[in-house]
Amino acid sequence: MHTSGILGCRGYQALMRNRTVLAATLAVSLCVGVFVASQLGSQSLWIDETLTVMPVLEAENLQSLVDGVVNYDTQPPASHFILYALKGLLPRTEFGLRLPSFIYIQSAILVGLFVIRRYWDTATALLFASFCEISPLLAFYSAEARNYGLWFLASVGAYALFARWLESAGLLRRPADGKAMVWGLALGAVNAVGLWTHLFHVFVIGGQVVALAATSFIHAPERRLYVLDRATLRSAAASLALTSIAFLPWLWVILREASRGEAGVPWIRPFGIMNGPYYVYAAHFGMSFGPNMIELHEKPFNLILTEHPLAVATAGAVVSGTLLVYLALLKTWATERTGRWQLVPLALAPAVMILPPLAYGLAASFPLHIRHFLFVWPVLPLVLALGALRTRFGALVYAAAFVVASISTFNLLVDENYSKDDARGAVSFAESSSHGKVVILGEAARFYCSHATCYPRSFHAIEADTDHLWLLYNRGWASENRKFLDRVVHAAESSGLRKVPVEAVFHGIELMHWSKEGS
């Protein structure tokens, strides 16, 4: 344990003497976690979730599941496989389909707690876990039936196994124990799961390679490049080989789809200068403090600042505090040889993992979102926890971040302004307001239709005998969605349907209606 530096042992000892603070913080966080679990079924599935859920629910076997993933989703199918395996056990409800994601996130928090306790101390681990539990970002992905919860678990698990592998190789605070091959193979297996869950896991592996080189150098005698022994090199090679071989089947699928011109995300988003501040903001407060997700996508920053001045100012103050704590920690450990290893997980490895996605987003206009950086998010609560115990002002920053994140999580769970798109309500209204042959278009509509005919966006034509056509239109900021709307309008007009005003309002969705004359 290293508590020297800016404040020395005083901050750590003061907090440990006041165990009531730790207990209260953890209790609040656990209550929030229970509340998140209770709300898993409170909101309808939205378009992103149905891209995962519908291939699973429609699959008759593993091959049809893979075909469905290739047709509807853009990610590898590890989370789909698990949902498919649990399909007979989980209820076909929003709660049942989201429950695995909640379990993934909770498991990742526990793994992170034990890792930080092992390499830092108990107080740091508890503060880390507490902030994770109240995080609005983790709360959001805990309640989303997609692959990000599993990827978060795979990433945190990979960090834990990588640290144990470094230990076994004699590179991290303990002498070699001869088990490097065991931990290396376990790491290779978890990295394979990560790649089978999200392709960006390759950046996690890249961070491990850099961390290995940096840790070797830090532990080198007389600061000369450390030469890894043969056992360590063999275990590293075996780990990478296992990951590569296990991923080959899906790599073949990617190459096949690429040769057809159908691989990758079908939409783009220009990478702007405000992307960076948005990622930092969302890492702290998700998308539910001040502006909601729609505003963050549609409105320029100056308009958001005008409409949400208090929220933006508060968020800016907390983020600035986090940055100061981070810089203070780096300054301390950069000047302490015994603590220099901490620079690797806090600065070097995260930078290596963050910069390539940013470069890719800039070069390809890839629609980078905060979820694409979920694998490096644990650095934030770790910095806040370490700062609370080791800097003069860190406890105040942690408290401020904790309070504002709690408010954001509360907003996410109870304030409709921050809810997921209300596809459930829109479909129910459309079906109850129509007669004859009813067609409803929208990815999420397929999950909720009871008697209407529901199509995804890949529909080809509107049948001639259609009496009512409904469209669940959302994300109007995306050019692909606007093109889809134009196609729907043309199809409706070609089928003799006329536009009918809809007065009902559903969060996140503009419900549009066309019907035949006199119907």
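It should be emphasised that the depicted structure is a prediction, and the values quoted were computed from it without experimental measurement.
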Please list all pairs passing the salt bridge (Lys or Arg N to Asp or Glu O under 4.0 Å) test where one or both residues lie in [range], with sequence neighbours left out.
{"range": "residues 26-38", "value": "none"}
{"range": "residues 199-217", "value": "none"}
{"range": "residues 103-113", "value": "none"}

Test of understanding: with side chain to side chain donor-acceptor pair (under 3.5 Å), list the residues that count as partners of [X], not counting sequence neighbours.
{"X": "N191", "value": "H201, Q208"}
{"X": "E295", "value": "K299, H308"}
{"X": "Y278", "value": "H369"}
{"X": "T50", "value": "none"}

Original post:
Between G157 and V190, which heavy-atom pair has the shortest distance, and what is it?
Top reply: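 Scanning both residues completely, I find the closest heavy atoms to be C-CG1, 4.1 Å.
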Original post:
What is the minimum heavy-atom distance between V383 and T322, and which atoms define it?
Top reply: CG1-O, 4.4 Å
**OP:** Return the set of residues passing side chain to side chain contact (heavy atoms under 4.5 Å, CB included) with P76 (not counting sequence neighbours), or none when no residue passes.
**Re:** L199, W250
Original post:
With sequence neighbours excluded, what pairs up with E133 under the side chain to side chain contact (heavy atoms under 4.5 Å, CB included) test?
Top reply: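 Only S29, L30, Q106, I109 meet the side chain to side chain contact (heavy atoms under 4.5 Å, CB included) criterion with E133.
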**OP:** Using the test salt bridge (charged side-chain N to carboxylate O under 4.0 Å, His left out), find all partners of E144 that sit at least two apart in sequence or belong to another chain.
**Re:** none
**OP:** May I ask you to decide if F289's main-chain N or O and N411's side chain share a donor-acceptor pair within less than 3.5 Å?
**Re:**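 Judged by distance alone, no pair lies under 3.5 Å.
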**OP:** Measure from the side-chain N and O atoms of E49 to the backbone N and O of A145, and report whether any donor-acceptor pair falls under 3.5 Å.
**Re:** yes
Subject >> Candidates F102, Y141, F140 - the one meeting ring-ring contact (aromatic ring centres under 6.0 Å, His included) with Y148 >> reply: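 With Y148 as partner, ring-ring contact (aromatic ring centres under 6.0 Å, His included) holds for just one option, Y141.
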Subject >> Ring center gap for F375 and H198 short of 6.0 angstrom >> reply: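 For F375 and H198, the ring centres are not under 6.0 Å apart.
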Original post:
Is the F200 to F366 ring centre distance short of 6.0 Å?
Top reply: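 F200 vs F366: aromatic centres under 6.0 Å.
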Original post:
Going by distance alone, is a donor N or O of one side chain under 3.5 Å from an acceptor N or O of the other, for S239 and W165?
Top reply: no
Subject >> Residue pair W183 / L166, side-chain heavy-atom distance below 4.5 Å >> reply: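 Of all side-chain heavy-atom pairs linking L166 with W183, none is under 4.5 Å.
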**OP:** Decide, yes or no, whether a salt bridge links K420 with D48 under the criterion of side-chain N to carboxylate O below 4.0 Å.
**Re:** no
Return a table of donor-acceptor pairs under 3.5 angstrom between the side chains of residues 343-357 and protein atoms on other chains or two or more places apart.
none

Please report, to 0.1 Å, the donor-acceptor pairs under 3.5 Å made by any side chain of residues 393-401, with sequence neighbours excluded.
from, atom 1, to, atom 2, distance (Å)
Y398, OH, L127, O, 2.6

